[in-house]
J.: 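I have a structure I would like to understand better, so I am pasting it below and will then ask my questions one at a time.
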Amino acid sequence: MKNVTPQPTATSGSDDRLMAAIGYVLFLVGPANVLTMIIAVIIAWFRKDNAPEWIGTHYEFQIRTLVYAAVLLVISVVCAISVILLPVAVLIWVLWSLWVIVRAIVGLIRLVDGRPNPDPETFWV
């Protein structure tokens with residue numbers, strides 16, 4: 001008789017954990033390509049209701065990050081349209097890029113550690 005080792009089955013939690021991690025990676029390239037952030041939020045939006053609660057906080061964190069980032073980008077574009085405020089627009093964009101990267105790194109670290117985001121609705125990390 002052949003000795004068969006049972007194969008581990010993927011659970012919804014591990015799938016959601018992987019998808020949340022992919023979302024954070026997409027956010028890391030977000031400052032260079034905003035489309036990846038939008039893709040990450042689409043994934044988060046459709047998976048957040050069926051995910052375990054602690055991973056749901058990560059999805060909510062990603063969704064809020066895009067909302068806040070969009071507001072900051074609109075402010076930056078408005079400043080760029082008025083040529084006088086172009087340096088302010090560039091400063092906002094640089095700070096925005098750093099902010100998105102830091103949020104993605106902090107969220108990814110929490111996800112890898114198996115911790116939820118303590119306050120996914122906050123502007124800061």
J.: Can you tell me how far apart CG (L66) and CD (Q62) are? Round to the nearest 0.5 Å.
T.: 10.0 Å

J.: Tell me every residue that passes side chain to side chain donor-acceptor pair (under 3.5 Å) with D49, counting only those two or more places apart in sequence or in another chain.
T.: none

J.: First locate atom CZ of R115, then atom OG1 of T57, and finally report the distance between them rounded to the nearest 0.5 Å.
T.: 11.0 Å

J.: Give every residue pair that meets the ring-ring contact (aromatic ring centres under 6.0 Å, His included) criterion with at least one member in residues 100-125, sequence neighbours excluded.
T.: Y68-F123, W99-F123

J.: Treat each ILVMFWY residue as a node, draw an edge where side-chain heavy atoms are under 4.5 Å apart, and state whether L86 and L73 are in one component.
T.: no

J.: Where do C79 and A89 come nearest, in terms of heavy atoms and distance?
T.: CB-CB, 3.8 Å

J.: Between the side chain of R17 and the main-chain N/O of V112, is any donor-acceptor distance below 3.5 Å?
T.: yes

J.: Can you list every pair that meets side chain to side chain donor-acceptor pair (under 3.5 Å) and has a residue in residues 19-40, with sequence neighbours left out?
T.: Y24-H58, Y24-N117

J.: Of all residues at least two apart in sequence or in a different chain, which pass the side chain to side chain donor-acceptor pair (under 3.5 Å) check with T65?
T.: R103

J.: I need the full list of salt bridge (Lys or Arg N to Asp or Glu O under 4.0 Å) pairs touching residues 60-84, with sequence neighbours left out, sorted by first then second residue.
T.: E60-R64, R64-E121

J.: Does any part of the side chain of M37, heavy atoms only, come nearer than 4.5 Å to the side chain of L26, both counted from C-beta?
T.: no

J.: Roughly how far apart are R110 CZ and L108 CG, rounded to 0.5 Å?
T.: 11.5 Å

J.: Between V106 and L72, is there a shared hydrophobic cluster once you connect ILVMFWY residues whose side-chain heavy atoms come closer than 4.5 Å?
T.: no

J.: Starting from I101 and following side-chain heavy-atom contacts under 4.5 Å between hydrophobic residues (I, L, V, M, F, W, Y), which residues can be reached?
T.: L28, I105, I109

J.: So, the side chain of Y59 versus the backbone of D16: is there a donor-acceptor pair under 3.5 Å, distance only?
T.: yes

J.: Residues sharing V77's hydrophobic cluster, by side-chain heavy-atom contacts under 4.5 Å among ILVMFWY, directly or via others?
T.: I81

J.: With rounding to the nearest 0.5 Å, note down the distance linking CD1 in I43 to CD1 in I63.
T.: 11.5 Å

J.: Drop me the distance from I92's CD1 to L85's CG, to the nearest 0.5 angstrom.
T.: 8.5 Å

J.: Which salt bridge (Lys or Arg N to Asp or Glu O under 4.0 Å) pairs, counting each pair once, include a residue from residues 69-85, with sequence neighbours left out?
T.: none

J.: Which residue pairs satisfy the side chain to side chain donor-acceptor pair (under 3.5 Å) criterion with at least one member in residues 76-94, sequence neighbours excluded?
T.: none

J.: Please answer: with hydrophobic residues joined when any side-chain heavy atoms are less than 4.5 Å apart, are I55 and I22 in the same cluster?
T.: yes

J.: With sequence neighbours left out, write down each residue that passes ring-ring contact (aromatic ring centres under 6.0 Å, His included) with F27, or none if nothing qualifies.
T.: none

J.: Mind listing the closest non-hydrogen atom pair of G23 and A40 along with its distance?
T.: O-CB, 3.6 Å

J.: Using a side-chain heavy atom cutoff under 4.5 Å and only I, L, V, M, F, W and Y, what cluster partners does V83 have?
T.: none

J.: Please check if F61 and L18 belong to a single hydrophobic cluster, counting links between Ile, Leu, Val, Met, Phe, Trp and Tyr side chain heavy atoms closer than 4.5 Å.
T.: yes

J.: Considering only Ile, Leu, Val, Met, Phe, Trp and Tyr, and joining two whenever side-chain heavy atoms are under 4.5 Å apart, list the other residues clustered with L91.
T.: L95

J.: Report whether I75 and W96 are members of the same hydrophobic cluster (ILVMFWY, side-chain heavy atoms less than 4.5 Å apart, transitive linking).
T.: no

